[in-house]
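All chains are named by letter (A, B, ...) in the order of the sequence lines, taking the proteins before the strands, and each is independently numbered beginning at 1.
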Amino acid sequence: MPVTVRNSASSSILAILPPVIAFNQKGGPRPAWPNVTYSNPNFSFRQASLALSQFCGTISPPITLRRHVMTKTIRIQDVAQYVGQSVNLQGWLYNRTDKGKLQFLQVRDGTGSMQCVLFQRDVPEELFEAARQLGQESSLSISGVIRQDDRAPGIPGGYEMGVTGLEIVQLAEDYPIQPKEHGIDFLLDHRHLWIRSQLQWAVLRVRATVIRAIRDWLDGHGFVNMDTPILTPAACEGTSTLFATDYFGTPAYLTQSGQLYNEAAIYAFGRVYCFGPTFRAEKSKTRRHLTEFWMVEPEIAFCDLDQLLEIEEQFVSYIVQRCLEERAQELELLERDTAPLEHVTPPFPRLSYDEAIEMLAQIRQETQDPELGAQLEIAWGDDFGSPHETELTQRFDKPIFVYGYPTVAKAFYMEPWPGRPEITKSADLLAPEGYGEIVGGSERISDPGLLLQRLEEWNLPREAFEWYIDLRRYGSVPHSGFGIGVERTVTWICGLDHLRETILFPRLLKRVYP
RNA sequence: UCCUCGGUAGCUCAAUUCGGCAGAGCGGCCGGCUGUUAACCGGUUGGUUGGAGGUUCAAGUCCUCCCCGAGGAGCCA
């Protein structure tokens, strides 16, 4: 019975054959066996394997492919289930140690990495020699028997493969990144390759878990995902520098926040959140800033500042605890001391802005370091800089809320404090261990008259905000919301000293490549 | 925008107060090694010292200007 062999990626027909398999041979590497599928379900794997092993006898270097057909392809993260079994792995060579008659291949597959061992005596000479040719990051399909061995390094580690078969998908040469230290500029230039390195892999997996925890908590607490526009008509808040684009002849700007739009959405859905990229064109050159970053902004109807803070502390604690549960292995790779993270449970300490200013004054008095003293100088009304946040947070073992910021230091839409018009019903959440602000939130003005007054005081054009004022005309309610920066959160949870490693391709003041 | 530091082999870095033959480790290549953990051992390959100009018998080193990067500040709900 004729069999059609297709490339699964392109669906192109590689060959139509009697029970024999064809490969696309153009002098280069052959496609990996698992990329080939049969369109004829009547053709058994056993027939395929026989035909294949005959065919492969003519290929140089000869490689035992038969097992690739017969054995199950597993993921390294599941390796513990396969002790004693013959299985196949598809991945990339992370490192290789050649001991003469013994070779150790460290193979990554995206879910982890595992040591694969070849004793010269135990494997065909061609296979042993083929393994010798492998440069770092060569792609391969490797098979053998899984065994437990405490000496075996890897992720999760403790298991290794006694290799019996190897197919080289591509031989990589002169891979630029070695398993050793490199400079940051070089690494950022090679970010497309750097992400294969263990620590980067670990950080980005923590990020994925943070994002999933964010969505799970919000979706589980009655929030409706409501994504807001990325292209916006005007610099709504005046102060921030925005990225301008040409929108069919008129300027449009990349969003710096979805909050105002989601203030509209709460009147339709009650509780909403947006989750998307945010753009800031400030020329910030610090470890806490990206020009493109991801922010989650929940917004809640019938919610005052006190209620908001309770939501925030529940939410943030949940994110941290999920990471501790699901990413313990990655945090260990990152050598993150998880003890401080375990303290992250509600309630969080609340500190008024006035108290924070006092505390900073006291720290300044007590410090022996004149430079630090100068950095910590602050007048009532000023917003905190990062030295202030660092000093404050180092005095608590949990994230802290600082609430009641001066009206002059905050945005126009924030509800004034009852009886103290000089401060607002606003609160920032500062992460411990010196990490600083990760969340900013506030209760929003709900009175149309006051909002109009604020727009005037801030010299904002009323026409642009007519829709926003409407929200206060038709069924206005007390409402609050906050924004949490994903990268800052991941930086804190991973214990990193710079947030550029927490996003796949960071966009920095001096870098939009790769 | 300001302050500080930096740019030397593919990578990480040396190169002596006061100018005097351009070096090492890693990687690559060749050889050795049956339990390596960024393996190790021996050999070998590898350079427009960010760019331009200047001082000098002689400049990686000193001077001037420029380019690039990093850290911090400012900016940043």
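Counting to the nearest Å, the P atom of B/C29 and the CG atom of A/Asp174 are 7 Å from each other. The separation between A/Glu137 atom CD and B/G27 atom C1' is 14 Å, rounded to whole Å. Taking atom CG on A/Leu118 and atom P on B/U36, their separation rounds to 17 Å, with Å as the unit. Nucleotide B/G74 holds its C1' atom 14 Å from the CD1 atom of A/Ile378, rounded to whole Å. Rounded to an integer number of Å, the gap from A/Ile177 CD1 to B/U12 C1' is 14 Å. Separating the CD atom of A/Glu377 from the C1' atom of B/G74 is a distance of 16 Å, rounded to the nearest angstrom. Following rounding to the nearest Å, A/Leu193 (CG) and B/G27 (C1') show an atom-to-atom distance of 15 Å. For the pair A/Gln133 CD and B/G28 P, the interatomic distance rounds to 13 Å; values are reported in whole Å.
In RNA chain B, runs of at least 3 stacked Watson-Crick or G-U pairs (N1-N3 plus N6-O4 or O6-N4, or N1-O2 plus O6-N3, all under 3.5 Å) give these stems: B:1-7 with B:67-73, B:10-13 with B:23-26, B:28-32 with B:40-44, B:50-54 with B:62-66.
Nucleotides B/U49 and B/C11, compared at atom P, are 15 Å apart to the nearest Å. Rounded to whole Å, the P atom of B/G69 lies 32 Å from the corresponding atom of B/A24. Taking atom C1' in both B/U61 and B/G23, the straight-line distance is 15 Å, to the nearest Å. B/C21 sits 16 Å from B/C62 when the P atoms are compared, rounded to a whole Å. Spacing of C1' atoms, B/C13 relative to B/G74, comes out at 33 Å, to the nearest Å. On the P atoms, B/A38 is 31 Å away from B/G46, given to the nearest whole Å. For the C1' atoms, the distance from B/G43 to B/G25 is 16 Å, rounded to whole Å. If you take atom P in B/C3 and the same atom in B/C66, they sit 13 Å apart, rounded to whole Å.
Judged purely by distance below 3.5 Å, without hydrogens or angles, the side chains of A/Asp109 and A/Thr111 pair a donor atom with an acceptor atom. Counting only N and O atoms by type, the side chains of A/Gln198 and A/Arg108 include no donor and acceptor under 3.5 Å apart.
Checked by distance alone, A/Gln103 brings no side-chain donor or acceptor within 3.5 Å of a matching partner on the base of B/G35. Contact of A/His182 with B/C11 (side chain to base): no donor-acceptor pair of N or O atoms is detected under 3.5 Å. Under 3.5 Å, the side chain of A/Ser284 and the base of B/C76 form no donor-acceptor pair of N or O atoms. For A/Gln120 against B/U34, a side-chain-to-base donor-acceptor contact under 3.5 Å is absent.
For A/Lys99, whose side chain is taken as the heavy atoms from C-beta onward, the closest listed nucleotide among B/G71, B/U34, B/A73 is B/U34. When each of B/C76, B/A73, B/U34 is scored by its nearest atom to the side-chain atoms of A/Gln375, the top-ranked nucleotide is B/A73. Closest to the side chain of A/Arg121, from the set B/U34, B/G35, B/C76, is B/U34.
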Return the polar atom pairs (N/O with N/O) between nucleotides 3-10 of chain B and the protein under 3.5 Å, or none.
{"residue": "B/G10", "atom": "N2", "partner": "A/Gln178", "partner atom": "NE2", "Å": "2.6"}

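Scanning for side-chain contact (heavy atoms from CB on, under 4.5 Å) contacts around A/Pro448 gives A/Arg472, with sequence neighbours left out. Annotation: side chain to side chain donor-acceptor pair (under 3.5 Å) contacts of A/Arg196 (sequence neighbours excluded): A/Glu137. Listed by chain and residue number, A/Asp304 satisfy the side-chain contact (heavy atoms from CB on, under 4.5 Å) test with A/Asp306 (two or more places apart in sequence, or in another chain). The side chain to side chain donor-acceptor pair (under 3.5 Å) check on A/Tyr405 picks up A/Asp428, with sequence neighbours excluded. For A/Phe293, there are no ring-ring contact (aromatic ring centres under 6.0 Å, His included) partners at least two apart in sequence or on another chain. Partners of A/Ala265 by side-chain contact (heavy atoms from CB on, under 4.5 Å), not counting sequence neighbours, listed by chain and number: A/Met226, A/Asn262, A/Phe269, A/Val272. Residues satisfying the side-chain contact (heavy atoms from CB on, under 4.5 Å) test with A/Leu187, not counting sequence neighbours, are A/Ile177, A/His182, A/Trp194. Qualifying side chain to side chain donor-acceptor pair (under 3.5 Å) partners for A/Thr286, counting only residues two or more places apart in sequence or in other chains: A/His289. A/Glu313 pairs by the side chain to side chain donor-acceptor pair (under 3.5 Å) definition with A/Arg350, not counting sequence neighbours.
Contacts of A/Gln115 with the nucleic acid, taken as non-hydrogen atoms under 4.0 Å apart, include base atoms. Residue contacts for A/Lys510: at a heavy-atom cut-off of 4.0 Å it reaches the sugar-phosphate backbone alone, with no base atom in range. Nucleic acid contact class of A/Arg454 (heavy atoms, under 4.0 Å, all strands): none.
The residue among A/Phe104 and A/Ile184 whose nearest nucleotide of RNA chain B lies closer to the 5′ end is A/Phe104. Remark on RNA chain B: of its neighbouring residues A/Asn95 and A/Asp185, the 5'-side contact belongs to A/Asn95, judged by nearest-heavy-atom nucleotide.
Between A/Thr286 and B/C76, a side-chain N or O to OP1/OP2 separation shorter than 4.0 Å is absent. Within the structure, every side-chain polar atom (N or O) of A/Arg96 is placed at least 4.0 Å from both OP1 and OP2 of B/A38. Contact check, A/His498 against B/G71: a side-chain N or O comes under 4.0 Å of OP1 or OP2.
Within residues 421-444 of chain A, no residue approaches RNA chain B, by heavy-atom distance under 4.0 Å.
A tilted orientation is assigned to the rings of A/Phe348 and A/Phe401, their planes being inclined by 30° to 60°.
A salt bridge does not link A/Lys425 to A/Glu415: none of the charged side-chain nitrogens sits closer than 4.0 Å to a carboxylate oxygen. Salt bridge present: A/Glu466 and A/Arg462 bring a charged side-chain N and a carboxylate O closer than 4.0 Å.
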